[in-house]
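One-based numbering along the sequence shown.
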Amino acid sequence: MEHLDEISIEELQDALDNVEGKKPTERLLAAIAYKNGVAQNELAEWYGVHQKTIYNWLKRLDTDESLEHAVSNNHRSGRNR
């Protein structure tokens, strides 16, 4: 596994208990499945996204910030859609 080598499944599960919202939850569940051996292309099929999206989700977790913050979307200033 090229991603998440420094993060344990237990850490991901703890973060899952502390996040709210669909996207952060999906990102953590995908990371847990990846750590359990599910391939990125299979995860992409499960979530109905491109494989590059799964890659980006996993890459977000390779950071020094908290897992809860890493999977959350940052507020973007500007005009609402």
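- Note: L67 CG to R27 CZ = 13.0 Å, rounded to the nearest 0.5 Å.
- Of all heavy-atom pairs spanning I9 and N36, the tightest one is CD1-OD1, 3.3 Å.
- Separating the CG atom in L43 from the OG1 atom in T53 is a distance of 11.5 Å, to the nearest 0.5 Å.
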Point to revise | Intermediate values then yes/no, side chain to side chain contact (heavy atoms under 4.5 Å, CB included), V38 and W46 | key: CA-CA 10 Å; V38 180; W46 289 3; 3.7 Å; yes
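- Of the inter-residue distances, the one linking I32 atom CD1 with E10 atom CD reads 9.5 Å to the nearest 0.5 angstrom.
- Counting non-hydrogen atoms of other residues, nucleotides and ligands closer than 6.0 Å to CD of E65 gives a total above 12.
- Ring centroids of Y34 and W57 are separated by 6.0 Å or more, keeping the two rings apart.
- A distance of 12.0 Å separates NZ of K52 from CD1 of I54, quoted to the nearest 0.5 Å.
- How far CD of Q51 is from CD of E45: 9.5 Å, rounded to the nearest 0.5 Å.
- For residues 11-20, the pairs satisfying side chain to side chain donor-acceptor pair (under 3.5 Å) are S8-E11, N18-E68, with sequence neighbours left out.
- Taking K22 as the reference, E26 meet the side chain to side chain contact (heavy atoms under 4.5 Å, CB included) condition, with sequence neighbours excluded.
- Considering only heavy atoms from C-beta on, L12 stays 4.5 Å or farther from L16 through its side chain.
- The shortest heavy-atom contact between K35 and I7 is NZ-O, 2.7 Å.
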